[in-house]
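Values below: every heavy atom of this structure, side chains too, minus hydrogens, waters and symmetry copies. Just so we're clear, the structure is a prediction, and the values are computed from it rather than from any experiment.
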Amino acid sequence: MTYIAKCICIIVFCLCWTGCKDVPEPVADSRVNDYALYDVSGDLHRFSYYNDHKAIVLWVQGNGCPIVRNALTDFHEVASEYSQKGFVFFMLNSNPQDDRSEIQKEALQFNFEVPVLKDPAQLIADALDITLTAEAIVLHPTTREILYRGPINDRLDYEVQKQTASNDFLKQALDRILKGKKPTQKEAMTRGCTVTRLSTLHDETQLTYTKDIAPILKERCAVCHIDGGIAPWQMTDYRTIQGWSQMMKQVLLSKRMPPWKADPHIGTFENSLALSDSNARKIVAWIDNGLAYGEGDDPLQELSPITKEWKRGIPDAVIELKTELLPATGVLDYRYQSIPLNNDTAKWLRGIEIQPGNNQVVHHVVVTNTERNKESLITHRKQRPWTDNYIAISSQGAQATFFPEGTGVLLPEQTELTLQIHYTTTGKTEEDKTRIGLYYHETPPGKEFYALSPSKNNFTIPPYAQKVPLRVEDSIHRDINIHYIAPHMHYRGKSIRFGVTFPDGRKETVISISDYNFNWQRMYRLETPFFVPKGSKVWVEGIYDNSFQNPFNPDPSQEIGFGLQSTDEMLIGFFNYTIED
């Protein structure tokens with residue numbers, strides 16, 4: 001073979017290999033009508049995540065409905081066959097009488113093979129006008145418009161059924177979608193149990209801004225959407241809310257807001273920003289019914305802007321950090337500053353407030369004493385100076401960290417604090433000069449408030465990989481109470497759980513964040529301390545998504561490992577504890 005012929009063969013081989021290699025591509029998606037619901041296992045499903053499928057198939061389920069129960073085998077058959085052809089399947093329960101635990105029992109009894117999404121506020125039932133169970137609704141993967149609605153087939157009717165179906169309506173609809181054709185609607189053919197709609201139980205046309213909506217916004221939203229807050233717009237008055245109302249509806253339907261990511265069915269937290277299902281429904285119903293103002297003064301005009309005043313009074317000591325200059329755009333490396341306290345005697349810290357000079361750019365701040373507790377007090381592993389001795393974590397406007405009553409953090413003589421600051425860019429050059437307020441106990445508290453952080457630093461996440469699980473645990477050899485938890489991942493993080501395996505093998509999840517978002521990292525403060533007896537294991541489990549389906553992913557083509565920057569990855573379960581034995 002001549003040299004030229006060999007070169008041609010090599011070129012042809014390379015072209016064939018690169019052309020045939022199955023490399024995923026991003027899907028264009030406006031994320032309008034981007035519905036999001038928890039399934040009954042606690043996993044959150046945002047519909048845009050499945051925009052790389054042929055369509056999203058929902059089948060309306062209801063506990064105790066005989067038609068649903070009899071049609072399950074038909075539905076499972078369709079789901080099994082067509083999930084291999086690029087469709088994704090869910091059941092959808094919008095019944096107000098069925099809660100998560102009851103649906104789980106039904107799923108176990110009747111061997112459900114597909115996740116059941118729970119629609120407790122009936123926001124999706126309203127959006128899709130769901131009135132009957134056993135109805136199949138097929139949604140376009142990127143617009144979420146209805147492509148088909150109707151029964152699976154004609155095998156079942158009220159109080160009667162045939163041995164086999166004469167018409168497989170859902171299969172026919174999915175086949176037409178595969179061929180690029182519009183399915184034939186069979187809505188009138190659906191047989192099922194009536195779904196009682198909340199709109200028929202309550203007169204939602206009487207909701208008003210002054211009486212019903214503004215109080216919710218003041219309590220749950222204005223903590224960020226306020227003059228001087230971290231949100232990009234401020235809830236200042238009715239006219240502003242009116243202008244943003246459709247956007248508010250979209251972020252409620254997609255569960256992008258409020259930015260409280262903990263599963264509402266696991267754990268209770270004293271600093272919760274969660275919006276109840278009933279209040280979410282009120283806001284959306286008010287928007288859909290014309291945005292009535294009501295009577296009286298505008299409650300939002302009573303709000304005072306965020307000032308630089310200290311939340312808990314004047315601190316015992318104030319530290320001013322060096323000014324940080326920030327570019328207009330880009331992903332920034334962490335900034336570090338060291339602060340010598342010059343304390344001649346040991347002091348007990350009862351709280352700390354981190355006050356950013358510029359709320360728009362400070363993503364989070366970690367305050368650490370890297371010299372403290374070099375030997376672990378409750379595990380047999382070596383302490384990690386950065387993560388195992390943190391004192392406070394401030395993020396997204398949550399500036400003040402005060403320790404539980406009767407506890408404190410010991411600051412030995414000549415303590416030097418180290419601050420790790422994560423900045424984000426805003427589109428224009430910025431600067432920040434953060435202040436730290438320290439609050440001391442007058443006398444030593446009864447218990448010391450410690451920190452520990454199970455973390456994993458030896459892992460690889462392959463390019464384009466979805467649902468990569470990572471796990472790490474620490475064995476605990478003393479009785480402790482856990483008070484605060486801050487699960488931590490970076491951009492590839494999809495979900496994370498923090499829990500305990502007890503000496504008898506029983507497992508309990510303390511917090512679950514199935515819709516992890518790097519932009520909304522919080523310190524979750526438990527209402528009641530969680531007791532962990534010696535001999536237990538504290539664990540953290542994370543799921544990572546390095547694909548285009550993860551909208552936060554900087555570059556799915558990269559293999560990812562542990563690293564300090566946001567574009568690297570971490571698996572950390574920060575938690576604070578007191579020793580009880």
Side-chain angles (χ1 to χ4, degrees), residues 261-263 266-267 269 364 366-370 372-393 395 401 409 420 448-461 468-490 492-503 505-514 516 518 521-526 529-544 560-564 568-581:
K261 298 300 180 179
D263 185 332
I266 298 176
F269 305 92
H364 74 263
V366 181
V367 182
T368 304
N369 179 1
T370 58
R372 194 67 182 113
N373 298 327
K374 293 191 175 183
E375 296 296 326
S376 176
L377 301 173
I378 61 172
T379 73
H380 293 298
R381 68 165 171 80
K382 187 177 181 180
Q383 287 280 96
R384 302 180 182 96
W386 282 101
T387 56
D388 285 333
N389 279 316
Y390 71 91
I391 295 173
I393 299 175
S395 63
T401 298
V409 172
Q420 178 195 78
E448 186 164 357
F449 198 59
Y450 298 104
L452 192 73
S453 304
S455 61
K456 192 177 184 69
N457 56 13
N458 55 337
F459 58 84
T460 299
I461 302 172
V468 177
L470 297 177
R471 189 178 192 278
V472 65
E473 66 181 24
D474 275 339
S475 296
I476 306 299
H477 62 72
R478 298 182 71 176
D479 292 347
I480 64 170
N481 266 316
I482 294 177
H483 298 265
Y484 301 165
I485 308 170
H488 180 75
M489 311 160 85
H490 287 177
R492 274 77 172 187
K494 187 176 190 296
S495 65
I496 189 167
R497 295 191 306 152
F498 178 103
V500 173
T501 301
F502 295 97
R506 180 174 55 91
K507 294 183 179 181
E508 185 170 348
T509 300
V510 184
I511 186 171
S512 175
I513 302 173
S514 62
Y516 185 84
F518 179 70
Q521 299 180 60
R522 296 193 178 276
M523 178 67 74
Y524 295 87
R525 301 200 298 266
L526 291 164
F530 190 93
F531 179 66
V532 180
K534 60 184 177 181
S536 300
K537 294 179 179 178
V538 174
W539 47 261
V540 187
E541 295 176 345
I543 302 294
Y544 294 80
I560 302 300
F562 172 82
L564 295 179
D568 303 314
E569 264 308 332
M570 290 184 176
L571 176 64
I572 303 177
F574 294 102
F575 73 92
N576 293 104
Y577 67 93
T578 51
I579 296 175
E580 302 304 311
D581 60 357

Lys537 atom NZ, over 12 foreign heavy atoms within 6.0 Å: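 It does not: Lys537 NZ has 12 such atoms or fewer within range.
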Which atom of [X] lies closest to which atom of [Y], heavy atoms considered:
| X | Y | answer |
| --- | --- | --- |
| Pro503 | Ser536 | CD-OG, 3.2 Å |
| Met570 | Gly563 | CE-O, 3.4 Å |
| Val472 | Ser455 | CG2-O, 3.4 Å |

Under the side-chain hydrogen bond (donor to acceptor under 3.5 Å, both in side chains) test, residues paired with [X] that sit two or more places apart:
| X | answer |
| --- | --- |
| Thr387 | none |
| Arg478 | Asp581 |
| Tyr450 | Glu448 |
| Arg471 | Glu473, Glu541 |

Measure the [atom1]-[atom2] distance between [X] and [Y] for me, rounded to the nearest 0.5 Å.
| X | Y | atom1 | atom2 | value |
| --- | --- | --- | --- | --- |
| Ile513 | Ile543 | CD1 | CD1 | 13.5 Å |
| Thr501 | Glu508 | OG1 | CD | 10.5 Å |
| Ile393 | Asn576 | CD1 | CG | 7.5 Å |
| Leu470 | Lys456 | CG | NZ | 6.5 Å |
| Lys261 | Ser514 | NZ | OG | 9.5 Å |

Between [X] and [Y] (side chain of the first, backbone of the second, donor and acceptor by atom type, cut-off under 3.5 Å), is there such a pair?
| X | Y | answer |
| --- | --- | --- |
| Asp479 | Lys534 | yes |
| Glu569 | Arg492 | yes |
| Tyr516 | Met489 | yes |
| Asp388 | Ser453 | yes |

Quick one: does [X]'s side chain get under 4.5 Å of [Y]'s, heavy atoms only?
| X | Y | value |
| --- | --- | --- |
| Thr578 | Glu580 | yes |
| Leu452 | Arg381 | yes |
| Pro454 | Phe575 | yes |
| Thr509 | Trp539 | yes |
| Phe530 | Ile511 | no |

Check the pair Val409, Asn369 against side-chain contact (heavy atoms from CB on, under 4.5 Å), reporting the backbone distance first and the verdict last. CA-CA 10 Å; Val409 172; Asn369 179 1; over 6 Å; no
side-chain contact (heavy atoms from CB on, under 4.5 Å) evaluation trace for Ile572 with Val540: CA-CA 7 Å; Ile572 303 177; Val540 187; over 6 Å; no
Please enumerate all residues that pass ring pair (Phe, Tyr, Trp, His ring centres under 6.0 Å) together with Tyr390, with sequence neighbours excluded.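 Applying ring pair (Phe, Tyr, Trp, His ring centres under 6.0 Å) to Tyr390 gives Phe574.
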Sequence-distant partners of His483, ring pair (Phe, Tyr, Trp, His ring centres under 6.0 Å), two or more places apart: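 In terms of ring pair (Phe, Tyr, Trp, His ring centres under 6.0 Å), with neighbours along the sequence ignored, His483 is linked to Phe449.
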Phe562 and Leu571: CA distance, side-chain angles, deciding distance, side-chain contact (heavy atoms from CB on, under 4.5 Å) verdict: CA-CA 8 Å; Phe562 172 82; Leu571 176 64; over 6 Å; no
Can you say whether the rings of His488 and His490 are parallel (under 30°), tilted (30 to 60°) or perpendicular (over 60°)? perpendicular
Aromatic ring pairing Tyr524/Phe269, orientation class (parallel under 30°, perpendicular over 60°, tilted between):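 Ring orientation of Tyr524 relative to Phe269: perpendicular.
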Might you work through the side-chain contact (heavy atoms from CB on, under 4.5 Å) test for Leu377 and Ile579, ending with a clear yes or no? CA-CA 9 Å; Leu377 301 173; Ile579 296 175; 4.2 Å; yes
